[in-house]
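This report concerns only the one structure given below.
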Amino acid sequence: MKRIRAGKVEEVVPESGNWIFIDPGFASKAASCGFLDGQGSPRSVTFAKLQAVTVAAMQSSRAPVNLVIEAPLSVAFQASGNPVGRAFERQGSQTRYWYVGLGCAVMTSAMYLMRTITEATDAEVRLFEGFVSFKPKGQASSHTEDVLALRSIVWGSNRAGRVIPPDEFRQNSKDNVMSAFDVAGMMYGIPPVLAVGA
């Protein structure tokens with residue numbers, strides 16, 4: 001079994017391992033990241049602190065770690081090679097495509113976080129993508145609220161949330177979906193998505 005791999009839909013239950021929920025940011029000084037270790041309380045932390053607390057939580061875990069990162073962990077390209085959105089990134093006329101704006105920034109943050117995890121711990125890690133989007137107009141974004149929303153899907157208390165398997169990501173049958181980490185040589189596979197509001 002791979003030490004770090006994509007999680008499976010059937011593993012999205014509280015008892016499948018220790019859960020860590022992350023809403024990554026990429027700011028030079030601000031506490032732009034949300035971190036939640038299982039049943040604990042959510043915290044807002046800097047990116048450097050996020051790396052440290054994530055690695056520490058993994059090193060102390062005796063069970064597999066289910067890591068949920070609220071960032072694009074897979075990408076899609078048209079047959080022509082141009083980027084294209086994944087099916088769940090569109091809701092009516094609204095889109096939150098992985099390759100536009102903030103999606104690119106948090107995907108870069110996730111890549112650096114995963115490189116740190118890969119080099120710093122031997123924990124068994126199962127990856128899940130979090131997708132917290134399409135919030136009501138005017139609702140402020142909160143890193144701590146986002147990680148709590150993701151946990152509520154796993155805990156079964158969020159009836160509006162859902163788990164999307166990778167075979168439902170394509171908008172078109174010819175789209176090519178792959179792990180976002182493949183380009184960096186980290187071959188983890190394509191994780192399912194824990195979607196809030198999609």
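Excluded from the calculations below are hydrogen atoms, water molecules and symmetry mates; all remaining heavy atoms, backbone and side chain alike, are included. Computed from a predicted model, the values in this text were never measured in an experiment.
- Judged purely by atom type and a 3.5 angstrom limit, S152 uses its side chain to pair as donor or acceptor with the backbone of A149.
- Residues A195 and I164 share a closest heavy-atom pair of CB-CD1, 3.8 Å.
- Using a 4.5 Å heavy-atom threshold, the side chains of V75 and M178 count as touching.
- The two residues V13 and V154 have their closest heavy-atom pair at C-CG1, 3.9 Å.
- If you take CG on L67 and OG1 on T54, they are separated by 7.0 Å, rounding to the nearest 0.5 Å.
- Rounding to the nearest 0.5 Å gives a distance of 12.0 Å between SG of C33 and CG of D146.
- Taking hydrophobic clusters as Ile, Leu, Val, Met, Phe, Trp and Tyr residues chained together by side-chain heavy-atom distances below 4.5 Å, I190 does not share a cluster with V106.
- A donor-acceptor pair under 3.5 Å is absent between the side-chain atoms of R86 and the main chain of P72, judged by distance alone.
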Under the criterion side-chain contact (heavy atoms from CB on, under 4.5 Å), I'd like the reasoning laid out for V193 against F169: C-alpha separation, chi angles, the key distance, then a yes or no. CA-CA 9 Å; V193 170; F169 290 3; 3.5 Å; yes
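- Neither V100 nor V84 shares a network with the other; the hydrophobic side chains, linked directly or stepwise wherever heavy atoms of I, L, V, M, F, W or Y lie under 4.5 Å apart, form separate groups for each.
- Residues R151 and P42 are not in side-chain contact: their nearest non-hydrogen atoms beyond the backbone lie 4.5 Å or more apart.
- M107 contributes atom CE, which lies 10.0 Å from atom CD of E129 (distance to the nearest 0.5 angstrom).
- The same ILVMFWY cluster, assembled from side-chain heavy atoms under 4.5 Å apart, contains both V9 and F21.
- For the pair K8 and E11, the salt-bridge criterion is not met [side-chain N within less than 4.0 Å of a carboxylate O].
- When all heavy atoms are compared, the tightest approach of P191 to L127 is CB-O, 3.1 Å.
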Pair T95-E89, side-chain contact (heavy atoms from CB on, under 4.5 Å): steps then yes or no: CA-CA 6 Å; T95 59; E89 295 173 318; 6.0 Å; no
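- Heavy-atom minimum distance, S109 versus P24: OG-CB, 3.4 Å.
- Between F128 and P192, some side-chain heavy-atom pair lies under the 4.5 Å cut-off.
- M58 and F47 fall within a single hydrophobic cluster, where Ile, Leu, Val, Met, Phe, Trp and Tyr side chains are chained together by heavy-atom contacts under 4.5 Å.
- The closest side-chain heavy-atom distance from V12 to L194 is below 4.5 Å.
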Checking K29 against T46 for the side-chain contact (heavy atoms from CB on, under 4.5 Å) test, could you report, in this order, the C-alpha distance in whole Å, the side-chain angles of both residues, the deciding distance, and whether it holds? CA-CA 7 Å; K29 294 177 183 172; T46 64; over 6 Å; no
Check against side-chain contact (heavy atoms from CB on, under 4.5 Å), Y188 and T118: CA-CA 11 Å; Y188 303 138; T118 301; 2.4 Å; yes
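- Tracing side-chain contacts under 4.5 Å through hydrophobic residues (I, L, V, M, F, W, Y), one reaches M111 starting from L113; they form part of the same cluster.
- Using a 30° and 60° split on the angle between ring planes, W155 and W19 fall in the perpendicular class, above 60°.
- Of the inter-residue distances, the one linking F26 atom CZ with L102 atom CG reads 12.0 Å to the nearest 0.5 angstrom.
- Under a 3.5 Å cut-off, the side chain of R96 and the backbone N or O of F131 do not form any donor-acceptor pair.
- Side chain of T121 to main chain of I117: no donor-acceptor pair is present (N/O by atom type, distance under 3.5 Å, no hydrogens or angles).
- Using cut-offs of 30° and 60° on the angle between ring planes, the pair F77 and W98 is perpendicular.
- Side-chain atoms of E70 and V147, non-hydrogen and from C-beta on, never get closer than 4.5 Å to each other.
- Nearest heavy-atom pair across R43 and T144 is C-CG2, 3.9 Å.
- Between H143 and S44, the closest heavy-atom pair is CB-OG, 4.5 Å.
- Counting heavy-atom neighbours within 6.0 Å of Y97 OH, excluding the residue itself, gives a total above 12.
- Within the model, atoms CD1 of I20 and CG of L50 stand 9.5 Å from one another, a figure rounded to the nearest 0.5 Å.
- Residues K49 and F35 fail the side-chain proximity criterion, which asks for heavy atoms closer than 4.5 Å.
- A donor-acceptor contact shorter than 3.5 Å links the side chain of Q59 to the backbone of A120.
- Taken to the nearest 0.5 Å, the OG atom of S41 stands 8.5 Å off from the CG atom of L148.
- In this structure, the side chain of T116 engages the main chain of Y112 through a donor-acceptor pair within 3.5 Å.
- Test M114, M187, R126 against I4 for side chain to side chain contact (heavy atoms under 4.5 Å, CB included) and you get one pass: M114.
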